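These notes are about the structure you will find just below.
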Amino acid sequence: MMLQGMKTNRLRPRFRQLADKRGVKKMHISQLSGVPYQTVQNYYNSGEDLKGLRLSTLYAFLRGIGYSDREILDLRLGDLFDIVVSDAE
């Protein structure tokens with residue numbers, strides 16, 4: 001549901017950057033996390049097109065990258081996503 005007059009900015013996931021920072025490959029993330037490879041691939045390539053994600057999958061993805069529970073709790077929303085400003089008003 002869009003609110004009248006609100007901009008349609010979107011969140012762009014930073015999952016590829018998070019994995020690259022840790023030096024973890026997609027197949028390895030899938031094997032460690034139990035997240036299907038196709039889902040990992042979708043997260044990597046989603047850009048602004050990611051329509052939604054399950055928190056349980058996000059958690060498993062982050063664990064597969066090598067984040068501890070404490071590190072996950074310390075992440076900020078800005079660590080996981082960028083805001084993409086929409087040109088349309």
Side-chain angles (χ1 to χ4, degrees):
M1 176 172 88
M2 266 318 185
L3 297 176
Q4 193 73 15
M6 264 188 96
K7 288 190 174 194
T8 57
N9 295 346
R10 299 193 40 123
L11 292 175
R12 178 178 39 224
R14 303 187 80 241
F15 303 137
R16 179 188 300 261
Q17 294 89 333
L18 291 169
D20 288 349
K21 184 176 178 182
R22 297 268 174 144
V24 183
K25 303 292 180 202
K26 292 181 281 191
M27 184 58 73
H28 195 68
I29 295 168
S30 177
Q31 292 169 343
L32 289 176
S33 67
V35 175
Y37 180 79
Q38 186 60 48
T39 302
V40 173
Q41 179 79 10
N42 289 344
Y43 277 21
Y44 256 69
N45 298 326
S46 61
E48 299 163 42
D49 297 326
L50 185 66
K51 302 290 186 234
L53 71 122
R54 291 180 138 149
L55 293 179
S56 59
T57 305
L58 173 60
Y59 173 76
F61 184 87
L62 292 169
R63 291 291 298 183
I65 291 173
Y67 282 87
S68 69
D69 285 346
R70 172 55 37 206
E71 290 171 311
I72 291 171
L73 289 173
D74 288 342
L75 287 171
R76 299 173 309 120
L77 191 59
D79 296 327
L80 299 171
F81 301 96
D82 291 321
I83 294 176
V84 178
V85 179
S86 173
D87 293 333
E89 288 194 40

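Just so it is clear, the model here is predicted, and its values are computed rather than measured.
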*Is any NZ, NE, NH1 or NH2 atom of the basic residue among Arg16 and Asp20 found under 4.0 Å from an Asp or Glu carboxylate oxygen of the other?*
no

_Can you confirm whether Ile83 is buried at CD1, in the sense that more than 12 heavy atoms of other residues, nucleotides or ligands lie under 6.0 Å from that atom?_
no

*Could you tell me whether the side chain of Val35 reaches within less than 4.5 Å of the side chain of Tyr43, counting heavy atoms only?*
no

*Mind checking salt bridge (charged side-chain N to carboxylate O under 4.0 Å, His left out) for Asp79 and listing every partner two or more places apart, or none if nothing turns up?*
Arg76

_Once rounded to the nearest 0.5 Å, what's the spacing between atom CG of Asn45 and atom NZ of Lys26?_
5.5 Å

_With heavy-atom distances below 4.5 Å as the criterion, would you say the side chains of Lys21 and Ile65 are in contact?_
no

*Contact check, side chains of Arg14 and Asp82, non-hydrogen atoms, under 4.5 Å*: yes

*What's the spacing between Arg12 CZ and Leu80 CG if we round to 0.5 Å?*
14.0 Å

_For a 4.5 angstrom cut-off between non-hydrogen side-chain atoms, does Val40 reach Phe15?_
no

*Can Leu11 be reached from Leu62 by stepping across I, L, V, M, F, W or Y side chains whose heavy atoms are under 4.5 Å apart?*
yes

*Can you see which heavy atom on Tyr44 is nearest to which on Ala19, and at what distance?*
OH-CB, 3.0 Å

*Rounded to the nearest 0.5 Å, what's the gap from CG on Leu32 to NE2 on His28? Could you check?*
4.0 Å

*Met27 reachable from Val24 in the ILVMFWY side-chain graph, under 4.5 Å edges*: no

*How long is the span from the OG1 atom in Thr57 to the CG atom in Leu55, to the nearest 0.5 Å?*
8.5 Å

*Does Phe61 reach the side chain of Leu18, with side-chain heavy atoms less than 4.5 Å apart?*
no

_Residue Arg54 excluded, over 12 heavy atoms near CZ under 6.0 Å_ = no

*Distance-only, no hydrogens or angles: does the Ser33 side chain make a donor-acceptor pair with backbone N or O of Gly64 under 3.5 Å?*
no

*Exceeds 12 heavy-atom contacts within 6.0 angstrom, atom CG of Leu73*: yes

